[in-house]
Structure formats: structure tokens, C-alpha cells
Amino acid sequence: MSFRPSLHAQAFVAGFVALTLLPGIWMFAKAPLAGLEANVLSGAAQRQYESRFDNSFPLRPSLRQAWAALKFGLFSEMAEGAVAGANGVIFTSEELMPPKDSQDFLTALRAAQAPIEAAGAELVPVILPDKIRMMPDALPRTRSAQFAERYDHLLQIIAAEGLRTLDMRPALSGPNAFMRTDTHWSPEGARNVAQALSKTLAGEISNPTPFETRHTGTRSFDGDLLAFADTGIWRPYVGPAPEQINIYETQSASSQELGLFDDIKTPVALVGTSFSAREDFHFTGFLKSNLQAEVLSFAMEGRGPFTPMERFLAEAQLITTQPQIVLWEIPERYIDTWSTTP
């Protein structure tokens, strides 16, 4: 049986070969011949070639994308920072190594717990398990025992401090709990966590406020991990495959308005990372509708879990908002596996 490559495969190979040969032809056509022999012998020719290519080759982005497409299409290889898994799932490399700028978890936990409890509020840590932990079948490699035991270890530390111990692994165990091409959970994963929190906190939040969340449609979604597989125009042929995300909207179902002298309090303050801050995943909205309470978010993108909490406490938001509960969303990968044990 003879093998006939598809038209798409032929086009990809032809285009890649052309883009591979063009730089050399173009650069040698532009390179001055004077002093070429001396430059070759001294190594200056190579440096000159690289400098000219970096600064002036017009097809440089296309060539980079073609090279990325070749690596991803043939070897499922991505740029440093991400790992391609099975079924089009991509993982951040941060989940495979100790965090670079982590703090001692027990110390950070106590630093947050003391002022929050002094203000009459309750600190509820919400540790989000790694995407790799929840999708091990899609990962082409295994992690060490330190990583395998980290989540349980963190729950032990939280319990030893007398705080609620919430295991979010069941809530994020579904097949669609994480976005395929992104570091983060999906809106459905965020909704599952909000539902789990509502079961834990049911009946404990004073002055409930009715909220309703509804599904409003879908749109295309490019995850943050696609930056490590920038296949450009070759993406339809080699991937990563396109992804869709559901869109949700949350609105208050109450017509009650505050009076001029009413005491303004926020039952729930949310402190956390981009998991909570990004509107794509609608975590704040899901919390409102599941807790039936106003939720004020102090989450921040790109700052990890510790800086948002430090800023929340430093800026006296406890006094301003007077929350009953402070949810602290913490992705597991930001905490090292050698934190102080109870």
C-alpha cells in the first residue's frame, strides 16, 4: 500500500523548505564580499550573518513560526516554558519545578490570619490543585514524590492552624475543569469551586443578596500557553487546535437600594491571582450567585498569591469593606514543597 501525503502536508513541507532556504539565499545576496575569507576564519562572518538576520530579514517572524510548527507538528515540542500533553492539552512548566519566588507558606498564612481574625473576619484559604495533578493522563511524564504529596501537605498546615480545610480536587476533577491551551481553569471549573464553597459556607453569610448567573454564548479562546507554540499560519495544519470558551453573566436579582445612612458591608472579600481576576473565567460572578452574597474582588494578575494578600492588608481594605469572610485563592504551584511543617 503506497503512502500519499495529503495536500495540506505537502503544502506544509514545501512552505517550510522554502522558508528554510530563503534566509541563507537572501543573506548571502546582501552580504558584502570584501574581507569574507578573513571574516570566516575569525568567526566574524557568523556573527555578522546572525546580526544581519536578526535586524533586517523580512521573513524572520514567518521562519520562526515555521520552525515552531515543525517542532510541534512532528515532535509535540514547545518552547521552554510549556509542555505539550496528550489530546491537545498544554501544561505550564511551572508545575514541574519548584517555584522561584515562593514564600514560606506557614509564615504567610499566619501573617494573613492574625489581622483578619482581629478584624472579626474569617480567613478561608482555597488551594487550587495543579492542572497536571488533575489531568495526569494527559502528561507525558511523572513528577517527584515531593510534588505528589504537596497538596495534602498544604491542607495539613491549614488544618493545624485551626482554619477550614477545603479540598478542591473533587471540584476540579472533571474533564473540562481546565482550559486546554491555558494555565487556568475553565469557567466550568471556576463554577465547580464556587459551588463547593457554597456548600461549605451555606447559611453562614449574613444579609444574603440574590444573584443570578446565566450562560450568554461562546467565543474562540487563545490560551496563554499558545505563546510557547507560535505556529502562526501553520496552526490549521499542525495545531494547537482551536478552543472555545463559554461566556457567563451575573446580575443582582434584588431591587433593594441602599439608604443614605445604611451601613455598607461586603460579606465576602476575594483575594487571589489571575484565576480569580480574569473575567474569562467568571469566578467572582459564580461566587455571587452560589453564595447569594456580594463579593468584592481584590485579586491581581501576574503577582502570584502573596502580593495581593499583602496589599489587601496594607491598604486597610479590612476596615473599608468589613468582610465576614476573606477567601484567599492560592494556586498550588506557587508554594514550594519544603514549607514549614506543623
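These figures come from a predicted structure and were not determined experimentally.
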L154 to E332 - nearest heavy-atom pair and separation: CD1-CG, 4.4 Å

Can you name the residues that form a ring-ring contact (aromatic ring centres under 6.0 Å, His included) with F275, not counting sequence neighbours? H184, W185

So, for I205 and A293, which heavy atoms are closest and what is the spacing to 0.1 Å? CG2-CB, 3.8 Å

Enumerate donor-acceptor pairs with a distance under 3.5 Å from any side-chain N or O in residues 295-313 to protein atoms, sequence neighbours excluded.
{"unit_1": "S297", "atom_1": "OG", "unit_2": "A299", "atom_2": "N", "d": "3.3"}
{"unit_1": "E310", "atom_1": "OE2", "unit_2": "Q103", "atom_2": "NE2", "d": "2.9"}

Nearest atoms (heavy-atom pairs only) where A82 meets I90: CB-CG2, 4.1 Å

Around atom CD of Q244, are there more than 12 heavy atoms from other residues, nucleotides or ligands closer than 6.0 Å? yes

Going by the angle between their ring planes, with limits at 30° and 60°, are W234 and Y237 parallel, tilted or perpendicular? tilted

Residues forming a salt bridge (charged side-chain N to carboxylate O under 4.0 Å, His left out) with E77, sequence neighbours excluded: none

Exercise: do T266 and Q322 side chains pair donor with acceptor under 3.5 Å: no

Are E279 and Y248 close enough that a side-chain donor and a side-chain acceptor fall under 3.5 Å? no

For D182, give me all partners under salt bridge (charged side-chain N to carboxylate O under 4.0 Å, His left out), at least two apart in sequence or on another chain. R278

List for me each residue that meets ring-ring contact (aromatic ring centres under 6.0 Å, His included) alongside F178, sequence neighbours excluded, and say none if there are none. none

So do T213 and F286 actually touch side chain to side chain, heavy atoms under 4.5 Å? yes

I127 vs Y151, side-chain contact (heavy atoms from CB on, under 4.5 Å): CA-CA, chis, key distance, verdict: CA-CA 8 Å; I127 309 297; Y151 196 87; 3.5 Å; yes

If you measure from the Lys or Arg side-chain nitrogens to the Asp or Glu carboxylate oxygens, is any gap between D230 and R235 under 4.0 Å? no

Looking only at heavy atoms, which two atoms of F91 and L225 are closest? And how far apart? C-CD1, 3.8 Å

Give a yes-or-no answer on whether the side chains of T181 and E243 include a donor-acceptor pair shorter than 3.5 Å. yes

Please give me the minimum heavy-atom distance between M179 and P187, naming the atom from each residue. SD-CD, 4.1 Å

About how many Å separate NE2 of H282 and NZ of K288, when rounded to the nearest 0.5 Å? 8.5 Å

Scan L318, L270, V268 and name whichever one has a side chain to side chain contact (heavy atoms under 4.5 Å, CB included) with V326. L318

Going by atom types alone, do T273 and E329 pair a side-chain donor with an acceptor below 3.5 Å? yes

Scan the side chains in residues 163-170 for donor-acceptor partners under 3.5 Å anywhere in the protein, sequence neighbours excluded, and list what turns up.
{"unit_1": "R164", "atom_1": "NE", "unit_2": "E122", "atom_2": "OE2", "d": "2.6"}
{"unit_1": "R164", "atom_1": "NH1", "unit_2": "E204", "atom_2": "OE2", "d": "3.4"}
{"unit_1": "R164", "atom_1": "NH2", "unit_2": "E122", "atom_2": "OE1", "d": "3.3"}
{"unit_1": "R164", "atom_1": "NH2", "unit_2": "E204", "atom_2": "OE1", "d": "2.2"}
{"unit_1": "R164", "atom_1": "NH2", "unit_2": "E204", "atom_2": "OE2", "d": "3.2"}
{"unit_1": "D167", "atom_1": "OD1", "unit_2": "R169", "atom_2": "N", "d": "3.0"}
{"unit_1": "D167", "atom_1": "OD1", "unit_2": "R169", "atom_2": "NE", "d": "2.9"}
{"unit_1": "D167", "atom_1": "OD2", "unit_2": "R169", "atom_2": "NE", "d": "3.3"}
{"unit_1": "D167", "atom_1": "OD2", "unit_2": "R169", "atom_2": "NH2", "d": "2.9"}
{"unit_1": "R169", "atom_1": "NH1", "unit_2": "D152", "atom_2": "OD1", "d": "3.2"}
{"unit_1": "R169", "atom_1": "NH2", "unit_2": "D152", "atom_2": "OD1", "d": "2.6"}

Is a side-chain donor-acceptor pair under 3.5 Å present for T183 with D224? yes

Is the closest side-chain heavy-atom distance between E161 and R110 below 4.5 Å? yes

Separation between OG of S252 and CD of E212, rounded to the nearest 0.5 Å: 9.0 Å

Note: A112 and W328 closest approach over all heavy atoms is CB-CZ3, 3.8 Å

Approximate separation, where rounding is to 0.5 Å, of L123 CG and L327 CG: 9.0 Å

side-chain contact (heavy atoms from CB on, under 4.5 Å) evaluation trace for Q251 with F211: CA-CA 6 Å; Q251 294 181 336; F211 284 93; over 6 Å; no

Do T231 and P240 have side chains that approach each other closer than 4.5 Å (heavy atoms only, starting at C-beta)? yes

Salt-bridge test for E95 and K131: reply yes if a basic N is under 4.0 Å from a carboxylate O, no otherwise. no

If you apply the rule side-chain contact (heavy atoms from CB on, under 4.5 Å), what do you find for V126 with I330, and how did you get there? CA-CA 6 Å; V126 182; I330 307 173; over 6 Å; no

Less than 4.5 Å apart, any side-chain heavy atom of E80 and any of S93? no

Check: T218 and I245 side chains under 4.5 Å, non-hydrogen atoms: no

State the CZ-CZ distance between R333 and R133, to the nearest 0.5 angstrom. 13.5 Å

Step-by-step side-chain contact (heavy atoms from CB on, under 4.5 Å) determination, I247 to R219: CA-CA 7 Å; I247 304 171; R219 65 173 177 83; 3.8 Å; yes

